Each structure stands twice: as C-alpha cells, then as structure tokens.
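The block underneath contains the structure these notes are about, expressed in structure tokens.
For the numbers below, each heavy atom of this structure counts, side chains included, while hydrogens, waters and symmetry mates do not. Whatever order the structure lists them in is the order used to number ligands and atoms, beginning at 1. Because the structure is predicted, anything quoted here is derived from the model rather than measured.
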Amino acid sequence: MPNLDSNIEFLKGVGPQRADTLKTELGVFTCRDLLFHFPFRYIDRTKFHRIRDVHNEGETVQLRGTLRRLETLGEGKAKRLVGTLRDETGIMELVWFRSVQWLEKSLSVGKEYIVFGRVSEFNGKFNIPHPEMEEANPDNALKAKNFDPVYPTTDKLTQKGLDAKGLRKLIRTLLDGLSASDLPETLPDYLGAQFRLMPRWQALNNIHFPETQAELDAATRRLKFEELFFLQLRLLQVRTRRKDTMRGFVFSRIGNFFNQFYQEKLAFELTGAQKRVLKEIRADVASGKHMNRLVQGDVGSGKTVVALMTMLMALDNGHQACMMAPTEILAQQHFEGITALVGDLGVNVGYLSGSVKGKKREAILAQLASGEMHIVLGTHALIEDWVQFKNLGISVIDEQHRFGVEQRAKLWAKNPGGPPHVLVMTATPIPRTLAMTLYGDLDVSVIDELPPGRKPITTMHKTEHHRLRVQGFMREEIAKGRQVYVVYPMIEETEKIDLQNLMSGFEALSRDFPAPEYQISIVHGKMKSGDKDFEMQRFIKKETQIMVATTVIEVGVNVPNASVMVIENSERFGLSQLHQLRGRVGRGADQSYCILMTGHKLSHEGRERIQTMVQTTDGFVIAETDLRLRGPGNIEGTQQSGMLRFLLADLARDGQILAAAREIAAQILEKDPSLAMPEHLRLRQHLASEGKDARVWSRIS
Ligand code: ADP
Ligand code: MG
C-alpha cells in the first residue's frame, strides 16, 4: 500500500496513464492530493422515493420495485431496451439506448431492484433513461447507500474511466488503505473541544463518504475551520513577525506643518471617525514599528484629508511623502486638492506621471532626490526605478484595489534609509470576511462616518418609458445650477458596441440638450489623456452642465456641484461599481439623485442588484450583498488573488467560522508568538509540513 506522499501512479487502479491525466487535469500528483480532492456535491441515497410521488422532470430519484417487463424496441439507431418497474404505488418506465444486449441478459424480469437515476419526460409520461440498477437484497433493502460523493472531473478523465464514479472508487481504495495514524490531528485538543470539532481522520473520511447529513455537516465544518484557521494563523504570523522585526521610521514629533494645518488651514471640523483613524495612524508611526495600514472609508468619507495629515506627520519629522493614485485624472485631482488644502503652509508639492516629461520631469526628479520636494502626488510612475527619494517616510496608496501586492512591496524598496510606512486607502468597502483574508496581514482602520450635513442620495430605478421625465428632471436640476453625469457601460470585450452606444447616447443628448444653452462634456477610455483632462476640466469649471462618460470617472473624481448621476444600462454594472459611481454625487450640501436606467427585462440577479442600490447607501451592506450574489472571486479587485481559492471554505457563507478562526489564531499568537508551547506542537508541525496538505497555500506563496 502506498503512503500519502506516494506518486498517485502507485495507487491500485491508477497506473502510469491515468496518473498522467490526473496530474494534468486535476493537479493530483500524490495520494494526498487525491485525498484532498473533495466532492462538490452528494447524492442522497438514504431515501427511497415512491413512484406515485415522482412529479418533476430532472429530479434524481431512488426507487425500489419489481421489474415487470423488459423488451427491445425499434431498429438501428432507435433501438432501445424498455423496462417497467412497479412498486406499491405505481409504475415507472426505464429506458436504455446503449449496451442493450448486455443489459437484456443481465437483468431479470420478476426480480426486485434498487433503481437510481434522473427522471425525464417523454410524450407526457415520466421515464428514467439509463438508470443504475442494483438487485435488492436484505442488506440494501432499507438503506441502499449513504451519500454518493460526486467529484469534479473532466472529459479527458472520463475517457480514462475516471468519471465521478471512477474517482469515487479510487478514493474508497485510498481511504481503505489508510489508518488514523496516517492523518494525525493538526489542532490542539483544547481547540477541538472548545469548537466541538470532529477529529481530523474522521472528518476526512466523512467528507468523502458520509453516512448521514449530520456527519457530512460536522466533517465540513471541521475542515473549513482548519482551512481558515491555518490561513489566519499564517497571515497573523506574518504580521507579528513584520512588526517585531521590521523597523519603521519614528515620527516622534507633531510639529509645525501638522499643527498649523490643523489650526489655520482646515476649514471644517474632522469627523469622529477621521480623528479616530488619525490617532490609530499616529500610534503606528510613533511606535518604531513599520506601519502597514489599510483605511477603508466609503466614498465621500474624507480620506484625502486623513492622508494629507498623515503625510504632514512625516514632513514634521524631516521626511518626504508620496501619494499614488490609479489614474492620471485622480492623481491630478489629488495634486490640485492637496495644493489647495495646504495653501501657503510652505509645503513643496509636486506632480509626477508618465506624461510629465523632459525638463519638467528632470526638475521634479532632482527635487525628490535632493529632498527639496516634500510631497509628490502621482500615478504608477512613482514606483518606477528612475524615481529616487532622499528620505521617503510614507507612501499613501489611494484606491488600492488597482494596485497589486507586488506593487505595494516595490514602494517599500524605494528608499535608501529603509521602507517607508505604507497607508493604503480604499473606497471600495470590502466585506469583513474578505478584508480579513486579503488584507489579513495589514492593520485595518475604518472611517465609518460621513461628514455632517450630507443628505443621503435618493436612488430611483427607471426604464425607457420614463426617459422623457428623466430628461425633464435633468433640465430642472441644471436650471438650479447643478450638473449631471450620464454614465455608459464600457466593458473591454464588447468595446466597439459600447463605444457606439456611448456615442449615440451623446448625440441624442446633444439634440435634447442643445447648445448654446447646454454644454456637454464627454470622456471615455479611448480618448487621449490630454483630451480627457480637457473635458474633465471643463466640467469641473462648470463650463459644461452634463458629463457623458464611461466608468473612467468611477473613482475619486470630486465635483461637489454635480447632483444627478444617470447610469444607463445599469443592470450591466456590478454592485460595487454602481456604488462607486453613485458616490460621484452627493458631495456637496445639496440633495442628490442617482437614476438607474435599465431595460424592461432584468435577470433575477440584476433586479436584486438594482433593488439593493435603491434601498441602501451603506457601502458595507452593498459589499456584503455583492459577495453573496457573485462570490468572492468576482469582487472588484480580488480576481487575481489566489488567497481566495479555498478547498471548502466559502467567504460569502462562512463568515462566522472565519471570525472565530481569526480570533483564536490571534489569541494563540499573542500568548505564544513562536508556537513554542507543547500544546502548540501540532500547529508548528502542520505549518512546517504545509505545502503537502495545503495545496492552496503552496500555490500562492
Ligand atoms: P473620499 O473619502 O471619497 O476620498 P474626500 O476626501 O474626497 O472623500 O472628501 C470628500 C469631500 O468631503 C471633500 O470635499 C472634503 O473636503 C470634504 N470633507 C472631508 N472631511 C470633511 C469633514 N470632516 N467635514 C466636512 N467636509 C469634509
Ligand atoms: Mg478619494
């Protein structure tokens, strides 16, 4: 009998050819890999159906009855074997189109069978094509089978006899050859007791071959807990180690820049949430440890001023600061916003992007290298090798979901004196479970309060019927001096059609809102960045009343006078995108509106998205709904993350298990940072052996 680490080839029933296919198709190289190839569903074979109760086509049923009739009908291609099964309640027709001769010989009329298959309907009558047949006997009469596991498989595997059933057989063979000592417990006994977790050996058996639903549930829970717990333990270990070993610049003083700004320049009172987050940041940067903090705050919650005040802390301690945005428009807006905010404070603020060239660029680079420039705002250009700082103390990354983890790391390496503190800002609220995983190694602050005086945005759902009224409404708002966005979807693959839609929408609007009374800006991704900026600027300066755009305006753009957001084909946008777009209005003191235009027909999910938008403006509620509707892999900004590939855990549904796992992992590390205590031996061993079991983890690290 091979052991768990043996090549899968040596498992009975595999051999070199099947082994090759298992490797290429499923990534199953060893017996252990196969053991962790879990079923994706189960067929409940603990129950028998009565024929009378079969009402639905497509239903999978298990019947027990006597075979009454069996005959071959038709010729050639239409040749088929037809049987009749009878139980106490009725009769059911069984049909086979393949292996007719062999079946006719092996089945006997008059015998009792257990029949399993999927019901279909033909000419108004139910039948079961190609049912599985098993002779009834005292053993299987009451409870024929338990749950049949169904495994993910592929065409190539099926051709090699490894369909769901074939895989089932292999895994049965594998488990029969193993004993409890092959799969030792990984969790301390006290954890198992505290969370009432099934032992590991039992769980791995039951996940494949459960006898009852309760067993399956307990096995699933145990293995999900294990998966999430070890991930959290690892993430928190990374965080603990970084904090313990990585030195950070100490910003010990709060000096003139900060104080003068706060007392003389800041035109409003900070919200309680802004103050709290600044305190959290202040504690980090004064601690001597390296800060790596994520600030989540809904659109309009006032992250910019928090970023600026953090950068001023760096300046007060003789350091430079940079802030990076994902697009040129945004970076430019930060530059202008921050230049205006600091006023005559004596801070030298610069701007750098790919489009800043020649002498201008050279001058900025020289000032960054000499330390003359205090704060630089910019795009990705800031992480290019040719940018060198004299003494960068902090990097702020705005809208981080557009930046990968690697880019974050690059920013750390920029500095001769050591890694700058990192503050990541995101306006895409991330569900708690995702944040704990994706940013599990970061500290998280939340600005969960909007500046006072904002009226909640009124959101309405409208269809083509209401177009005239929507236009009338736009005119009214424009007459009051407000501005309007009209946004069209622009999704890469269908670009051409989308561009056409956008252009014809623009033309229609130009007819309905004619010049010179009305002026319209247009911005889309296909435009040159100079033209884009020009059009944006016209809108920002109120020279145009309507801005027709694609989602390029999605993030961060701030025009407080805009009060209406019309989103065309809004059913095509994801929830977080809709939320981002809506966040472009409601930035001033006026009542703002978001109008979601859709076609008449909406998918179930589309309708739920629109309804969610109409019902709530809370970004976290929206993020949770998005996670539930689309699953974690599709949430904005997480697509590339291998972190979210779990064997069993589902972040949309397992929030409670995750929270418990993270909390207990944190407690353990607090008490025993290096897991040196005897009761944590298993944890240490399992972490060390990881990459054997946890294929997930080995794939990402
Ligand atoms: P976001 O979090 O979306 O980046 P911004 O930083 O752009 O939000 O802030 C949105 C608007 O709110 C800006 O005009 C900003 O000046 C204003 N603002 C920020 N904080 C406050 C506050 N505490 N009181 C009043 N207005 C504020
Ligand atoms: Mg912002």
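Of all atoms in ligand 1, listed by their number and element, those nearer than 4.0 Å to a heavy atom of Leu270 are 23 (N). Distances below 4.0 Å separate heavy atoms of Asp298 from the following atoms of ligand 1: 2 (O). Listed by number with element, the atoms of ligand 1 under 4.0 Å from a non-hydrogen atom of Thr271 are 23 (N). Those atoms of ligand 1 with a heavy atom of Arg587 less than 4.0 angstrom away are 3 (O), 7 (O). Less than 4.0 angstrom separates some heavy atom of Glu269 from each of these atoms of ligand 1: 22 (C), 23 (N), 24 (N).
For Asn348, the side chain to side chain donor-acceptor pair (under 3.5 Å) criterion is met by Gln367, not counting sequence neighbours. Every residue two or more places apart in sequence or in another chain that forms a side-chain contact (heavy atoms from CB on, under 4.5 Å) with Gln483 is listed here: Phe539, Lys542, Val559, Asn561, Ala562.
Checked by distance only, ligand 1 and Val305 stay at 3.5 Å or farther apart across all their nitrogen or oxygen atoms. Considering backbone and side-chain atoms together, Gly300 places an N or O closer than 3.5 Å to an N or O of ligand 1.
The pair Arg293-Asp284 meets the salt-bridge criterion, since a charged nitrogen lies less than 4.0 angstrom from a carboxylate oxygen. Between Asp344 and Lys265, at least one side-chain N (NZ, or NE/NH1/NH2) sits under 4.0 Å from a carboxylate O, which counts as a salt bridge. Ion pair Asp448/Arg276 flagged as a salt bridge, since at least one NZ, NE, NH1 or NH2 atom sits closer than 4.0 Å to an Asp/Glu carboxylate oxygen.
With Thr304, Val306, Val559 as candidates, the residue nearest to atom 7 (O) of ligand 1 on a non-hydrogen basis is Thr304. The heavy atom nearest to atom 25 (C) of ligand 1, out of those in Pro451, Pro560, Pro452, is found in Pro451. Residue nearest to atom 2 (O) of ligand 1, selected from His334, Lys303, Gln296: Lys303 (by heavy-atom distance).
With Ser353 as reference, Glu328 is the one residue of Gln332, Arg361, Glu328, His380 to meet the side chain to side chain donor-acceptor pair (under 3.5 Å) rule.
Residue contacts with ligand 1: Ser301 is included, with a non-hydrogen atom under 4.0 Å away. Between Leu341 and ligand 1 there is no heavy-atom distance shorter than 4.0 Å.
For His524 and Tyr488, the distance between ring centers is not under 6.0 angstrom. Not less than 6.0 angstrom separates the ring centroid of Tyr351 from the ring centroid of His334.
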